[in-house]
Amino acid sequence: MQPPSIGKNILYYRKKRNMTIDELSKKSGVSKSMLSQVEQEKTNPTVVTVWKIARSLDVSINQLLQTEEEHSIQVIRRGDMPIIYSDDGKCTFRICSSIDMVENLELYHMICEPGGKNCSEPHYLGTQEFLTVLSGKIKVTVGEKSKILNEGDSVRYNAEVKHIIENISDGESQIYMVVWLTSKE
């Protein structure tokens, strides 16, 4: 697989929107010289630069990273998924979503050791979390309310307040979590 033609894709979407390089520069905050170098594929932009350009062109980052060889199936191999840990180190989150989804949807496979607890501060207004317990038993606390979930149970809640996911079983618990960010206001 060949690397994406980011510059060619930026040029395509800029022309499609009848934007000059000057207009894109002003809208994105990326200098004209940098945009020119990227479009001519003389330099590779940072992720932040690609993000600024994508937002200004009203396209996803994924659209700017697409190659002609890509098809409708995108695979993220287990070994390529980033891993983060809860503060207590007993919960592991494997990030299952691609970087282009980060603005509105995050997917996680969560594994918690017995007694493992993940405490989250409030997310952006309108953010919702959906959990499905794959194995074990967990307690979800949202604000002042708590629910116990067993294997196969699902829950949805507003993540605009402090919330806690805790493994209350004697063994490992596995959870599939979807974070839906409806707004960043």
Side-chain angles (χ1 to χ4, degrees), residues 1 3-4 44-52 54-55 59-67 69-185:
M1 185 169 168
N44 289 321
T46 65
V47 172
V48 172
T49 299
V50 173
W51 178 79
K52 287 178 180 180
R55 285 184 59 110
V59 297
S60 70
I61 291 173
N62 192 44
Q63 287 174 283
L64 295 183
L65 297 177
Q66 285 182 340
T67 66
E69 294 177 4
E70 288 183 334
H71 300 285
S72 61
I73 298 176
Q74 180 184 14
V75 175
I76 304 171
R77 300 287 178 206
R78 181 179 172 89
D80 295 333
M81 294 177 186
I83 297 174
I84 54 178
Y85 300 93
S86 60
D87 289 341
D88 68 4
K90 293 184 176 184
C91 297
T92 304
F93 295 82
R94 189 173 300 277
I95 303 171
C96 304
S97 46
S98 59
I99 193 165
D100 64 296
M101 298 170 68
V102 76
E103 289 183 27
N104 56 11
L105 189 68
E106 299 170 5
L107 309 173
Y108 299 94
H109 178 217
M110 184 176 171
I111 301 172
C112 291
E113 298 173 22
K117 184 187 288 189
N118 185 66
C119 301
S120 295
E121 292 301 316
H123 298 319
Y124 292 108
L125 189 65
T127 301
Q128 293 187 24
E129 289 186 0
F130 303 80
L131 304 179
T132 299
V133 180
L134 303 174
S135 65
K137 186 175 190 176
I138 65 163
K139 178 180 175 184
V140 175
T141 303
V142 179
E144 300 295 321
K145 297 182 179 180
S146 295
K147 296 289 181 184
I148 304 294
L149 301 169
N150 296 299
E151 184 174 322
D153 291 345
S154 292
V155 67
R156 177 186 85 172
Y157 53 88
N158 290 327
E160 305 166 355
V161 296
K162 185 174 181 173
H163 49 286
I164 301 167
I165 302 167
E166 181 179 3
N167 180 4
I168 58 171
S169 66
D170 294 333
E172 176 183 276
S173 285
Q174 293 195 37
I175 304 151
Y176 193 75
M177 179 169 58
V178 175
V179 180
W180 182 33
L181 303 115
T182 57
S183 163
K184 287 200 175 185
E185 306 274 320

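We use all heavy atoms of the structure for the numbers below, so side chains are in, but hydrogens, waters and symmetry mates are not.
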Show me the side-chain donor-acceptor pairs of residues 77-96 shorter than 3.5 Å, one per line, residues at least two apart or across chains.
residue	atom	partner	partner atom	Å
S86	OG	D88	OD1	2.5
S86	OG	C91	N	3.1
D88	OD1	K90	N	2.8
D88	OD2	K117	N	2.8
R94	NH1	R78	O	3.3

So ring pair (Phe, Tyr, Trp, His ring centres under 6.0 Å) across residues 141-160, not counting sequence neighbours, yields Y157-H163
For residues 127-149, pull every pair meeting ring pair (Phe, Tyr, Trp, His ring centres under 6.0 Å), keeping only residues two or more places apart or in separate chains.
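Listed by first then second residue: nothing to list.
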Taking side-chain contact (heavy atoms from CB on, under 4.5 Å) as the test, write out the residues that go with V48, two or more places apart.
T46, K52
Distance (rounded to the nearest 0.5 Å) between L65 CG and S60 OG
8.0 Å
Got a second to check how far Q128's CD is from L181's CG, nearest 0.5 Å?
10.5 Å
Nearest non-hydrogen partners of V50 and L64, listed with the distance:
O-CD1, 3.9 Å
E129 side chain reached by V140 side chain, heavy atoms, under 4.5 Å
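Contact flag for V140/E129 side chains = no.
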N158 vs V142 side-chain heavy atoms within contact, under 4.5 Å
no
Enumerate the residue pairs fulfilling side chain to side chain donor-acceptor pair (under 3.5 Å) with a member in residues 142-151, sequence neighbours excluded, ordered by first and then second residue.
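Output for this query lists T141-S146.
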S97 side chain to L107 main-chain N or O, any donor-acceptor pair under 3.5 Å?
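Yes.
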Is the CG atom of D153 crowded by more than 12 outside heavy atoms at less than 6.0 Å?
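Counting other residues, nucleotides and ligands, CG of D153 exceeds 12 neighbours.
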Go through it in stages, so that I can follow the logic: the residues are S98 and I76, the test is side chain to side chain contact (heavy atoms under 4.5 Å, CB included), and I'd like the CA-CA distance, side-chain angles, deciding distance and then a yes or no.
CA-CA 7 Å; S98 59; I76 304 171; 3.8 Å; yes
What donor-acceptor contacts under 3.5 angstrom involve side-chain atoms of residues 167-178, with partners at least two apart or in another chain?
residue	atom	partner	partner atom	Å
N167	OD1	S169	N	2.9
N167	OD1	S169	OG	2.7
N167	OD1	S173	OG	2.8
N167	ND2	C112	O	2.9
N167	ND2	E113	O	3.0
N167	ND2	G171	O	2.9
S169	OG	G171	O	2.9
S169	OG	S173	OG	3.2
E172	OE2	Q174	NE2	3.1
S173	OG	K137	N	3.1
S173	OG	K137	O	3.4
Q174	OE1	H109	NE2	2.7

